[in-house]
Every structure is written in C-alpha cells, then in structure tokens.
There are 2 protein chains.
Amino acid sequence: MYPQDKKTYEKLMDCAEKIFAEKGYDKASVREITAAANVNLASIHYHFGSKENLLQELLNRKLEWLNQQRLIALKTLENKSKNKPLKPSQILEAFFGTLLDMLDEKNYGGEMFLRLLGRSTLEPNCLISSISSGKNNAVTEKFRDALFKALPNVPKNEIVWRFHFMVGATSYAISGSGLNKLFVTAEVSEDKSVSKKLLKKRLMSFLLGGLRSPMNSFLIGNK
Amino acid sequence: MYPQDKKTYEKLMDCAEKIFAEKGYDKASVREITAAANVNLASIHYHFGSKENLLQELLNRKLEWLNQQRLIALKTLENKSKNKPLKPSQILEAFFGTLLDMLDEKNYGGEMFLRLLGRSTLEPNCLISSISSGKNNAVTEKFRDALFKALPNVPKNEIVWRFHFMVGATSYAISGSGLNKLFVTAEVSEDKSVSKKLLKKRLMSFLLGGLRSPMNSFLIGNK
DNA sequence: GTCTATATCATGATAGAC
DNA sequence: GTCTATCATGATATAGAC
C-alpha cells in the first residue's frame, strides 16, 4: 500500500492528514490511521503520545508554513513601497489571501487545516497551544502593526477587534462544509466553479469594507 | 442533587446543556450527564436514541426560540416603517443583534448553543439537519429578502455571500474560547466588562461595513 | 532507539428483566 | 419507564522483541 522507504513518523503524518480531512478528527480512528500507514497500532502513542498530539503536530506544521508565506508576502510589499505606508487591501491580501490560496492545495491539506483550525477555536480547553503559540502570535502582531500604520486614524483597539472579526469570517467561509450549507437556495446559485474562483475576491471585498467601516460616535467615545 | 419533580427528559436536557457547554460535546460523556441528572445510564438512549440526537434536540430547541425572536424583531421593524424599505443596519440588528443578546443568557445556554452551532458547521457529515432544516431556512430567507429590498443596487448573489460572511464573523466572535485566544496582547487590552458590552456595537459596525462594501469592477462584471 | 503484540480502560449503544 | 448486564469499539499503556 504505502511506500516502504518512508519512516513511520512521516507515514503517520501523511495518512492522518488525509483521513482527518475526509472524516473529521472524531470519526477518524487511530486504528484506521495506523492501518492505512501500514504500521502498528501503538506507533501513534510512541511517536506522538496521543491522537490529539498527532493533530497538534499536523496543525503546527501547516501553520508554520502558512505564516512563513505570510511574512514573505508582507516583506515583499514593504520592500516595493519604500517608506510609504501600505494600503489596507495589500495587507489583507498578504494575510488572508495567502490563507485562501491554501484551498487550492493538493491532498486535502488546505481544507483539513482550515477546518481543524476552526474546530480548535470552537472546542473549549482543546488545542489552544497551536494557535496561541509564540511563533503564530509574532506573525499576527506583525500584521496587526502593519494595519496600525495603514490606518493611523482608527483606534488600535478597534483594529484589533476587526482583525478578529476578519479571521472569523474567513474561517467560516473557508470551512468546506459551511460553504454549501447555509444558502442552497436555487435562485441565487451560480456555477460552482465560478463561485470557487470568486470566493477570494468576494471575501476580500467584504473584509475590506468591514475593516474600514466608519466608526459611530459611541465606539469612538469609549476610546 | 437534582429536583425530583422534573421528568427525566427535562433533567437530561438541562444537564446535557450545561455539561456540553462546559466541556464540549466530545468530552462530555453519557455517563457524566446521566449521573448529574440522577437518572439511569440507559435513559439517554431511551429518550433520545443516541447522544447525537440529544445534542440535536438541544440545538433545535434553541434555534427555534432564536428564530422566533428574530421574526418578531423583523415584523416590529416592518410595522413601524410602513412601506419604506428598512435600513440595512436595522435588519442586521434584528438578525445578529438578537443572536448576540443570547450571550447574556443564564445557564450557559447561549454560549453553548453558539459554540455547538459553530462546531456543527465545521465538522463534516454531522449535525447538518438542525441547520438546514426547513424552519431555519425559512427565517433565513425572510431576512435575505429584506436585505434584497434594502439594497436594490447590489447584486443578489453578492448579498447572499455577504450574509454568509456575516454569519461567520459572528459565530467566531461569539465562541467563548475564540474571544480571548487570538489577541491577548496586553497593550491593546481593555477592561473585560467594557469589551463585553462593546462587542455587539463593534461587531455590528464591522458587519455593516462589510455588507455595504463597494464592489470592485471584477465582481460586478461577473454579475 | 524503533517497532510490535498484547492488555487495559473508558465510552456509546443495546438487550432483556422488572 | 427504569434498571442491570453486557457488548463493540475506541484510545491508551506496557512489556518486550529487534
């Protein structure tokens, strides 16, 4: 079944990624994963300690890669426009656009990652570490600061909140299942391939509108 | 422990709601729920058929109540402003404001509901029915149509997508765990009680901005 | 150090007595 | 409707082979 030359650790990572993507974390059993990888049942415990830890490793691996891409995109932008502050749309492109591009990845990698990331934000007391880990926060802060510079007239507090809202809209929009669920009404449907292509444009337009939404006096009054 | 006069069915619903909210669906065991309710282990199977079904019942109960409130709010608005089209902000208030107000509910009801609802949108092949059930779709469509009227110049397709994005931003913003996770940086933090009060204002402002975001030519060109 | 075979323990589900 | 007993499946732990 599986190429024999790969190490057990790698086999498990690969198979787990695929099976998690297909069935979700809960319904993917340790037995199924080890069987698919042609390794012993106990190897997950040996290499990762637990099923949860295996998921952690997968998320961390993806997250690190994603954040690298994000930083590269940001650096590129900053190099191009010497000194001049970046436009909000450019910053969003580097942060969320890079994430959205993962959807096109092969091997379910992108979709699984995004779904499981979403799950980890919803389940209490679970999987927090991969998100609030130092590296990830560092990247988030870089983009946060870029937004501060790009929108000097907006209170920093508000920017942080709106960043948060943007992450939410993106996570949800991206979760494969969510997409077709809420609005399956025929009248407004369009060709699916068209929808997929337009998703990024549409979401970015929405995020930008939310980010730059005028602030009412109440919010400003409260700093 | 538990008041003896309540029926088993009610006891289970109440305890399950609380325990699901605290630990999440997976980590709440049938044994723990039945123990807390002072009923027999097998009663969940008898009354609900399965643990999943119990969750379904909980979600449906909440969802129906929520949607009733939403319809009432919408009707009230439509009665007040005879014939004149509603403002988008009013429609959002009726739909998302009503949802956000559930956060103040006692007994974890609101938070659990929102978290589990979020989960159900992220897990594949799971719990779809409560969301795409007929009643819920009917309510969603009412609000969708209200937005169509309120924004006659925006293509219907775009409104539907933006509605979708708004749901995502709201779900995420509301999920108790998500709130403190992403941005725990000290510099931008403010008093937590203040944050909680302002959440609704902030989110509504963001949603409104996203909903009314100008459309770039690319999107319009593709209808 | 790496992997395997096997044992343990918790969980959801269920059958059948009362 | 409620109970006890039991099953099937899952994750995890351990002992020991290579």
Side-chain angles (χ1 to χ4, degrees), chain A residues 1-59 112 116 119-120 123-127 129-130, chain B residues 1-59 112 116 119-120 123-127 129-130:
Chain A
M1 293 283 108
Y2 204 98
Q4 288 297 339
D5 52 313
K6 281 212 182 186
K7 297 291 175 191
T8 300
Y9 181 94
E10 296 299 332
K11 289 192 209 172
L12 283 173
M13 291 282 273
D14 291 347
C15 289
E17 182 167 32
K18 183 175 178 184
I19 296 176
F20 283 157
E22 286 167 357
K23 323 180 99 179
Y25 175 79
D26 306 313
K27 297 196 175 149
S29 77
V30 167
R31 281 174 166 78
E32 182 180 1
I33 294 169
T34 51
N38 258 326
V39 299
N40 187 269
L41 171 65
S43 22
I44 285 186
H45 175 256
Y46 175 76
H47 284 282
F48 301 94
S50 72
K51 186 185 170 190
E52 279 275 323
N53 279 355
L54 167 56
L55 176 58
Q56 278 287 354
E57 284 295 307
L58 280 174
L59 288 181
M112 182 234 43
L116 294 180
R119 169 184 180 276
S120 76
E123 289 282 319
N125 317 321
C126 138
L127 296 176
S129 59
S130 78
Chain B
M1 292 286 106
Y2 205 96
Q4 288 296 342
D5 54 312
K6 282 212 182 185
K7 297 290 176 192
T8 299
Y9 182 92
E10 296 299 332
K11 288 192 210 173
L12 284 173
M13 290 283 273
D14 291 346
C15 289
E17 182 166 32
K18 183 175 178 184
I19 296 176
F20 283 156
E22 286 168 356
K23 322 180 96 177
Y25 175 79
D26 305 313
K27 296 196 176 149
S29 76
V30 167
R31 284 170 169 79
E32 182 181 359
I33 294 169
T34 50
N38 258 326
V39 299
N40 188 268
L41 170 64
S43 36
I44 284 186
H45 175 257
Y46 176 77
H47 284 283
F48 300 94
S50 72
K51 186 185 171 191
E52 278 278 320
N53 279 354
L54 168 55
L55 177 58
Q56 280 287 354
E57 282 296 307
L58 280 174
L59 289 181
M112 183 233 45
L116 294 180
R119 168 184 179 275
S120 77
E123 290 282 319
N125 318 320
C126 138
L127 296 177
S129 57
S130 77

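Every heavy atom of this structure was used, including side-chain atoms; hydrogens, water molecules and symmetry mates were not. Numbers restart at 1 for each chain; the letters A, B, ... are given by sequence-line order, proteins then strands.
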**Request:** Starting from C1' on D:dA13, measure out to CG on A:Leu41 and report it in whole angstrom.
**Result:** 11 Å
**Prompt:** Roughly how many Å is it from NE2 in A:His45 to P in C:dC3, rounded to a whole number?
**Reply:** 15 Å
**Nearest-nucleotide pick for A:Tyr46, side chain only, options being C:dT4, D:dA11, C:dT2** = C:dT2
**Asked** Where the side chain of B:Ser43 meets the backbone of B:Tyr46, is there a donor-acceptor pair that is under 3.5 Å apart?
**Response** no
**Prompt:** Which of the following nucleotides, D:dT12, C:dC3, D:dA5, is nearest to the side chain of A:His47?
**Reply:** C:dC3
**Asked** B:Asn40 CG to C:dC18 P: how many Å, rounded?
**Response** 16 Å
**Request:** Taking only the side-chain heavy atoms of B:Ala42 (C-beta and beyond), determine which of C:dA15, D:dG1, C:dC3 contains the nearest atom.
**Result:** C:dA15
**Asked** Is any NZ, NE, NH1 or NH2 atom of the basic residue among B:Lys23 and B:Glu32 found under 4.0 Å from an Asp or Glu carboxylate oxygen of the other?
**Response** yes
**B:Ser50 or A:Val39, whichever maps to the more 5' nucleotide of DNA chain C** = A:Val39
**Asked** Using a cut-off of 4.0 Å on non-hydrogen atoms, how would the nucleic acid contact of B:Ser43 be classed: base, sugar-phosphate, or nothing?
**Response** nothing
**Validation row: B:Glu57, B:Asn53 side chains within 4.5 angstrom (heavy atoms)** = no
**Nearest-Å distance for atom pair NZ/C1', residues A:Lys51 and D:dT9** = 12 Å
**Message:** Please report the distance, rounded to the nearest Å, between CZ in B:Phe48 and P in C:dG12.
**Reply:** 15 Å
**Donor-acceptor pair under 3.5 Å, B:Arg31 side chain vs C:dA10 base** = no
**Request:** Could you tell me whether A:Lys51 sits above the aromatic face of A:Tyr25, with NZ or CZ closer than 6.0 angstrom to the six-membered ring centre and within 45 degrees of the axis?
**Result:** yes
**Asked** Could you state the CD-P distance from A:Glu52 to C:dA10, rounded to the nearest angstrom?
**Response** 18 Å
**Rounded distance in Å - CG (A:Leu54) to C1' (D:dT12)** = 14 Å
**Request:** Quickly work out the B:Ile44 CD1 to C:dT11 P distance and round it to whole Å.
**Result:** 12 Å
**Asked** Short question: side chain of A:Thr34, backbone of A:Val30 - any donor-acceptor pair under 3.5 Å?
**Response** yes
